[in-house]
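Each remark here refers to the structure printed beneath this line.
Counting begins at 1 with the first residue of the sequence.
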Amino acid sequence: MNERLQHPIFKTLGDLADTSGVELYVIGGFVRDLFMKRDFKNDIDILVIGSGIAFAEKVAETLKLKVSVFKNFGTAMLHYDNMDIEFVGARKESYRSDSRKPIVENGNLKDDQLRRDFTINAMALSLNKENYGELLDPFNGIEDIRHNLIRTPLNPVETFSDDPLRMMRAIRFSSQLQFDIDEEALNAIRTNKERIKIVSQERIIDELQKIVASNKPSVGFEHLFNTGLLEIIFPAMVNLYGVETIKGKSHKDNFYHTLEVLDNVARESEDIWLRWAAIMHDIAKPLTKRFDETQGWTFHGHEDRGAKMVPKLFAELKLPLNEKMKFVQKLVLLHLRPIVLAQDVVTDSAVRRLLFEAGDDIDSLMILCHADVTTKNKYKRKKYRENFEQVKQKLKDVEERDQIRNWQPPIDGEDIMKFFNIKPGRKVGIIKNAIREAILDGDINNNKKDATEFMIKTAKSLGLEAKSTKQN
């Protein structure tokens with residue numbers, strides 16, 4: 001057996017089980033990952049034929065550890081050597097049609113394996129001395145690993161109807177492991193898709209986040225779309241789907257374009273919020289789509305409209321309404337700016353403005369914009385990529401010279417009010433904005449001396465004079 005089962009904790013648990021007369025197994029994700037040779041995640045599920053809580057308390061007493069007991073779930077957890085070890089008693093379950101909360105009874109090993117979501121998660125390894133390391137795999141999970149297949153131990157219609165969250169989990173595992181979903185299971189998800197409505201949004205978004213975080217998120221989103229689940233849990237994304245043609249002119253399918261951008265970003269960054277910016281970047285295109293006889297299809301203002309949609313969508317999805325949401329909102333708003341720069345002559349002024357508005361998020365913005373170039377036209381793609389390199393170099397040059405990132409003008413509103421001995425008002429805002437724009441445009445240097453001279457000149461046009469001038 002793989003050396004990971006030789007960790008001393010397994011022998012300790014097995015010995016204690018033998019002296020206590022208890023059947024003991026390691027089960028679930030640890031066993032699956034063991035046979036897939038995946039990195040160990042430090043989460044171990046221990047199945048006790050009997051009381052999981054009572055056995056965990058005995059382990060805690062023996063190892064002098066603190067045990068966390070969750071009586072409502074019949075589980076207990078220990079933290080040992082950077083591992084979270086969860087103990088649960090073998091159970092069998094039955095469900096009511098209006099709830100995903102099971103009626104739980106004590107059971108044996110087979111009962112517990114039957115209630116597991118997928119065959120690859122139902123495999124168990126014995127920890128008792130008599131058959132230590134023996135694999136108990138009644139549903140051929142090993143074969144499903146070999147064939148890269150997600151399959152349920154029971155009839156999938158029953159499995160997904162009983163616990164609809166398992167539909168999301170099937171798709172999540174498919175996305176994470178790059179496994180196919182058994183065709184019968186896919187059809188069962190389509191049949192049971194409406195049952196997802198009895199699952200809390202918090203549980204749904206937890207699974208969706210894991211799909212977004214996978215190496216190729218489009219796998220999960222295509223399954224969500226094709227089974228009809230996406231229409232229920234995230235209809236705004238489904239609205240991107242489809243191509244319309246008028247007078248021989250068509251636009252691209254913005255749903256599949258979004259998935260391509262998402263995968264492009266995922267290859268470059270593990271930042272889940274940058275990936276959400278990719279998901280949201282064109283979210284307002286269905287609302288801004290217009291057909292023009294000359295230009296064809298246009299989506300004018302979709303970046304501004306999309307940025308305004310982000311808070312509401314985050315709230316509906318139960319995503320955090322904090323700086324993470326603001327980051328996504330900012331990138332949606334700015335995502336066209338580097339692309340526009342890459343299409344034209346790159347001026348210092350345009351670069352300064354981009355640096356000023358993007359701040360520390362400029363690198364993330366550039367990843368998103370580079371990912372957004374999905375044209376199949378080789379000439380256009382080559383031209384955009386070359387121009388992007390020019391934009392990146394210009395950003396670097398201007399930043400080193402002008403230090404605009406996270407920049408604040410050398411004169412603020414307080415300085416203006418003190419200098420002219422005036423109270424807050426419209427004129428203060430006009431002067432402050434004029435100074436900022438002059439520096440961003442390169443009309444004056446980014447220092448207090450030049451900004452002060454410009455301030456006096458601007459104020460004069462508004463009928464203001466310096467306090468010191470009035471006193472003379």
Output yes when [X] and [Y] qualify as a salt bridge under the 4.0 Å nitrogen-oxygen rule, no when they do not.
X	Y	result
E453	K457	no
E303	R337	no
K330	D361	yes
D282	K285	yes

Polar side-chain atom of [X] near backbone of [Y] as donor-acceptor pair, under 3.5 Å:
X	Y	answer
S269	A266	no
S174	A170	no
D415	D412	yes
D206	E202	no
R116	I27	no
S175	R172	no
Q329	A307	yes
K427	L462	yes
H147	E143	yes
E86	M77	no

Measuring from [X]:[atom1] to [Y]:[atom2], what's the distance to the nearest 0.5 Å?
X	Y	atom1	atom2	result
D180	L149	CG	CG	6.5 Å
N254	W297	CG	CH2	11.5 Å
M36	I142	CE	CD1	10.5 Å
L240	D253	CG	CG	8.5 Å
E207	L165	CD	CG	5.0 Å
L368	L262	CG	CG	10.5 Å

Quiz prompt | Pair D360-F327, side chain to side chain contact (heavy atoms under 4.5 Å, CB included): steps then yes or no | solution = CA-CA 10 Å; D360 280 338; F327 167 81; over 6 Å; no
Evaluate the side-chain proximity of [Y] to [X]: yes if any heavy-atom separation is below 4.5 Å, no if none is.
X	Y	value
F35	D137	no
R267	I367	no
H223	L229	no
I196	M168	yes
F173	N121	yes
Q209	L319	yes
V332	D304	no
L177	N148	no

Locate the shortest heavy-atom distance separating [X] from [Y]; write the atom from each residue and the value.
X	Y	answer
I233	L317	O-CD2, 3.5 Å
H335	C369	O-SG, 2.9 Å
Q113	P153	O-CG, 4.1 Å
R32	I120	CB-O, 3.2 Å
A213	I272	CB-CD1, 4.1 Å
F420	I456	CZ-CA, 4.3 Å

Exercise. I would like to know whether K460 and M455 meet side chain to side chain contact (heavy atoms under 4.5 Å, CB included); could you show each step before the answer?
Key: CA-CA 8 Å; K460 194 172 183 179; M455 173 185 70; over 6 Å; no
Near [X] [atom1], under 6.0 Å, is it more than 12 heavy atoms from other residues, nucleotides or ligands?
X	atom1	result
K289	NZ	yes
D292	CG	yes
F73	CZ	no
E414	CD	no
Y256	OH	yes
K249	NZ	yes

Would you check if there is a donor-acceptor pair between the side chains of [Y] and [X] at a distance under 3.5 Å?
X	Y	value
R195	N192	no
W273	E323	no
D450	N445	yes
D263	S218	yes
H257	H251	no

Self-check item: Derivation and outcome, side chain to side chain contact (heavy atoms under 4.5 Å, CB included), residues R151 and F118
Solution: CA-CA 5 Å; R151 202 167 52 84; F118 308 113; over 6 Å; no
Quiz item: Do you know which of T152, N140, D182, D144 makes side-chain hydrogen bond (donor to acceptor under 3.5 Å, both in side chains) with T119?
Solution: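 The residue from T152, N140, D182, D144 that satisfies side-chain hydrogen bond (donor to acceptor under 3.5 Å, both in side chains) with T119 turns out to be D144.
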Quiz item: Taking it one step at a time, do T298 and F291 satisfy side chain to side chain contact (heavy atoms under 4.5 Å, CB included)?
Solution: CA-CA 6 Å; T298 66; F291 181 77; over 6 Å; no
